[in-house]
A.B. asks: 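There's a structure below that I have some questions on.
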Amino acid sequence: DGIRDVERSRGLGDVYKRQLSKLNENFIIPVKHRYGVNTGLCFVGDVGGASRREYTAMGDAINLAARLMTEAKYGDVLVGEKTITTCGEKFITSGGDLVPVKGKAEPVRLYYLEDQITRGVSPEQMIGREDELKQAQEFINKVIQGNPSQLLIAGEPGTGKSLLCANIKQMAARAGLHYTEGACFKYSEKTPYEPLKTILSGFLNLTSRASQKQRKQALLRYLKKINESEWEPLIAPLFDYFPPAPPQLKNLPEDIKKEKIRNILCRLFCEINKNRLSLLIMEDVQWVDNASFEIIESLLGKQFAPGVVFLCRPGDTYEKLKNKSGVRTIKLAGLSRENSQKLFLSVLKDIVPNQDIIERVIEKSGGNPFYLEEMAKAFRELGAKKFSSCDNIPSGIESVITARIDNLGEAVKKTVRTASVIGRVFAYNVLCSIYPDRKRIGKLRGYLDELSHLDLTPLERRQPVLEYMFKHI
């Protein structure tokens, strides 16, 4: 299928890159490689007469895959739009521009494969959230129709905001919607535009590998479209490059600069969405900075504005957003007793505690899906005997997590403790630099793999640096 085809092409590319670098040391003219992947119907079989026959594949989808290969840069995988529609939620891509291709009357949208997503957009089944999923699909349908729409997903920690968002990403990918996301953090809520930096790069198809020249070209291309290229020095810092500003721009009052940035970014989002329907996702909006909030708020009701999804905990920001005209709200409450039991038993799999224990777990969970999942994992890891008495069942998520961590080996526990000093999201290289047991640095990836497998610190991203995230914070 499409997913396996893209995975194989990416895997082959990695293998060939390693092997050919050694092989090419013996050649004057190096051997190069590139790949094209497309999805569609084709004819596969023996072709020819009695004297000469060969096994081949033919059809429009095959021809386009060949054209994609010739358009690709050496060492890269170029993927067609139909493949992205089929399985794009599994991969990180860049590009998405319309390109004229030989044999096609209309330009074709092409995507460069950057990485495979290991987390987040392969959603698990959501138990007891049928109404919420239906509302989410209605929201996506509205975005596809080109109607400016904003969706607020609110709930206490552990109620399933991220999982619902993962389902929304899958819906968007299936509908051919481009989506990009950014997260707000407690430590950056006073830093202007911090979550927008990631979102803007995603909207302009800039990957972590993009050079300063590429970032400049991408930004200027769109600034020229909206006749604002002279304001580049004001916007460029959001793309991590810093051209010199002329005196008249440098001496502008800060409130005028802020208003101009807001105006330009709103127009920029709308211009990009006009050419390619897009979805903007912002997580943990309860920590959003004021400047970013004002910009996203300004998109409400604007013609050609992209769809926006907010993930937020209850609080002041939630109250502001839910009262905005045009914002649809999905507030995730606790699961019913019936759905709580269904979720708990589904994660337990082949372990079936007695009904008194099940009832006690459900009572202490308050319908919180995360508590139920973590409690079921604790049953599997620690053994049902550990919780044979109702008095032994932890009363909160923190207690369940602590019990699971206490069951780990000493070296893995030390890894958790050290990583927790860095923050919710921690980079592998930073962890290496502060890990106290220098003799075990070589085993650190193994410890992290174990923690990721247990879903305590799942892999967050591979590029530009390897990062993991504490799921339970």
Side-chain angles (χ1 to χ4, degrees), residues 148 150 180-208 210-276 278-310 312 316-317 320-321 324-327:
Q150 298 197 349
T180 185
E181 56 190 314
C184 308
F185 297 98
K186 178 69 176 173
Y187 61 78
S188 63
E189 61 182 328
K190 300 297 182 184
T191 307
Y193 313 112
E194 189 64 28
L196 287 183
K197 290 181 179 179
T198 307
I199 291 170
L200 284 164
S201 292
F203 260 73
L204 268 63
N205 294 314
L206 293 169
T207 69
S208 57
S211 64
Q212 180 175 313
K213 181 181 178 181
Q214 289 171 321
R215 294 195 296 272
K216 181 182 178 72
Q217 288 174 340
L219 176 58
L220 278 175
R221 183 167 70 249
Y222 281 101
L223 288 179
K224 286 175 182 175
K225 285 185 178 182
I226 60 174
N227 299 313
E228 298 283 12
S229 52
E230 69 272 19
W231 295 93
E232 180 204 2
L234 203 61
I235 307 298
L238 301 180
F239 294 86
D240 290 324
Y241 77 95
F242 304 88
Q248 65 270 26
L249 186 56
K250 193 181 294 184
N251 296 328
L252 275 176
E254 289 303 315
D255 58 334
I256 295 178
K257 287 183 183 177
K258 183 179 178 182
E259 179 60 25
K260 193 64 184 178
I261 290 173
R262 186 191 64 78
N263 180 266
I264 289 174
L265 290 184
C266 282
R267 292 174 62 197
L268 203 63
F269 279 125
C270 292
E271 179 65 29
I272 295 168
N273 188 63
K274 185 166 63 175
N275 297 312
R276 179 184 61 182
S278 301
L279 189 63
L280 185 161
I281 299 169
M282 189 175 282
E283 298 186 47
D284 288 322
V285 183
Q286 69 275 2
W287 294 319
V288 69
D289 64 278
N290 289 332
S292 297
F293 184 80
E294 288 171 7
I295 290 167
I296 303 301
E297 190 179 32
S298 298
L299 290 171
L300 270 173
K302 281 197 181 298
Q303 189 179 20
F304 303 121
V308 182
V309 177
F310 300 105
C312 188
D316 292 342
T317 306
K320 285 181 190 175
L321 283 170
K324 295 286 181 185
S325 175
V327 176

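Here the structure is a predicted model, which is why all the values come from computation and not from measurement.
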A.B. asks: Roughly how far, to the nearest 0.5 Å, is the CD atom of Glu271 from the CD atom of Glu228?
C.D. replies: 11.5 Å
A.B. asks: What distance separates Leu223 CG from Glu232 CD, expressed to the nearest 0.5 Å?
C.D. replies: 7.0 Å
A.B. asks: Would you say Arg267's side chain and Ile226's backbone share a donor-acceptor pair under 3.5 angstrom?
C.D. replies: yes
A.B. asks: Under the 6.0 Å and 45° cation-pi test, does Lys302 pair with Phe269?
C.D. replies: no
A.B. asks: Counting distance only, does the side-chain N/O of Arg276 pair as donor-acceptor with the main-chain N or O of Phe203 below 3.5 Å?
C.D. replies: yes
A.B. asks: So which of Lys257, Lys258, Lys250 actually passes side-chain contact (heavy atoms from CB on, under 4.5 Å) with Leu234?
C.D. replies: Lys257
A.B. asks: Might you point out which heavy atoms bring Cys266 and Ser298 nearest each other, and give the distance in Å?
C.D. replies: SG-CB, 3.4 Å
A.B. asks: Taking atom CG of Asn275 as the centre, report whether more than 12 heavy atoms of other residues, nucleotides or ligands fall under 6.0 Å from it.
C.D. replies: yes
A.B. asks: Identify the heavy atoms of Thr180 and Gly202 that sit nearest to each other, and give their distance.
C.D. replies: OG1-CA, 3.3 Å
A.B. asks: Assess the residue pair Glu181 and Val309 against the criterion (side chain to side chain contact (heavy atoms under 4.5 Å, CB included)); give the C-alpha distance rounded to whole Å, side-chain angles, the decisive distance to 0.1 Å, and a yes or no.
C.D. replies: CA-CA 9 Å; Glu181 56 190 314; Val309 177; over 6 Å; no
A.B. asks: Which is it for Ser211 and Gln214 under the side chain to side chain contact (heavy atoms under 4.5 Å, CB included) test, yes or no, and what are the steps along the way?
C.D. replies: CA-CA 5 Å; Ser211 64; Gln214 289 171 321; 3.3 Å; yes
A.B. asks: Assess the residue pair Asp284 and Gln286 against the criterion (side-chain hydrogen bond (donor to acceptor under 3.5 Å, both in side chains)); give the C-alpha distance rounded to whole Å, side-chain angles, the decisive distance to 0.1 Å, and a yes or no.
C.D. replies: CA-CA 5 Å; Asp284 288 322; Gln286 69 275 2; 3.3 Å; yes
A.B. asks: Between the side chain of Ser292 and the main-chain N/O of Asp289, is any donor-acceptor distance below 3.5 Å?
C.D. replies: no
A.B. asks: Donor-acceptor pair, distance only, cut-off 3.5 Å: does the side chain of Glu259 make one with the backbone of Ile256?
C.D. replies: no
A.B. asks: Among Asn263, Leu219, Asn273, which residue satisfies the side-chain contact (heavy atoms from CB on, under 4.5 Å) criterion with Leu268?
C.D. replies: Leu219
A.B. asks: Is there a side chain to side chain contact (heavy atoms under 4.5 Å, CB included) between Leu265 and Leu200? Walk through the geometry before answering.
C.D. replies: CA-CA 9 Å; Leu265 290 184; Leu200 284 164; 4.0 Å; yes
A.B. asks: Going by heavy atoms in the side chains, are Cys184 and Glu194 under 4.5 Å from each other?
C.D. replies: no
A.B. asks: Looking at Ile281, Leu321, Val288, Thr317, which hits side-chain contact (heavy atoms from CB on, under 4.5 Å) with Phe310?
C.D. replies: Leu321
A.B. asks: Please find the pair of heavy atoms, one from Gly182 and one from Thr198, that lie closest to each other, and give the distance.
C.D. replies: CA-CB, 4.5 Å
A.B. asks: From Ser229 OG over to Ile264 CD1, what is the distance, rounded to the nearest 0.5 angstrom?
C.D. replies: 9.5 Å
A.B. asks: Are there more than 12 heavy atoms of other residues, nucleotides or ligands under 6.0 Å from atom CG of Asp316?
C.D. replies: no
A.B. asks: So does Asp240 get a backbone contact from the side chain of Arg215, meaning a donor-acceptor N/O pair under 3.5 Å?
C.D. replies: yes
A.B. asks: Rounded to the nearest 0.5 Å, how far does CD of Gln217 lie from CG of Leu206?
C.D. replies: 10.0 Å
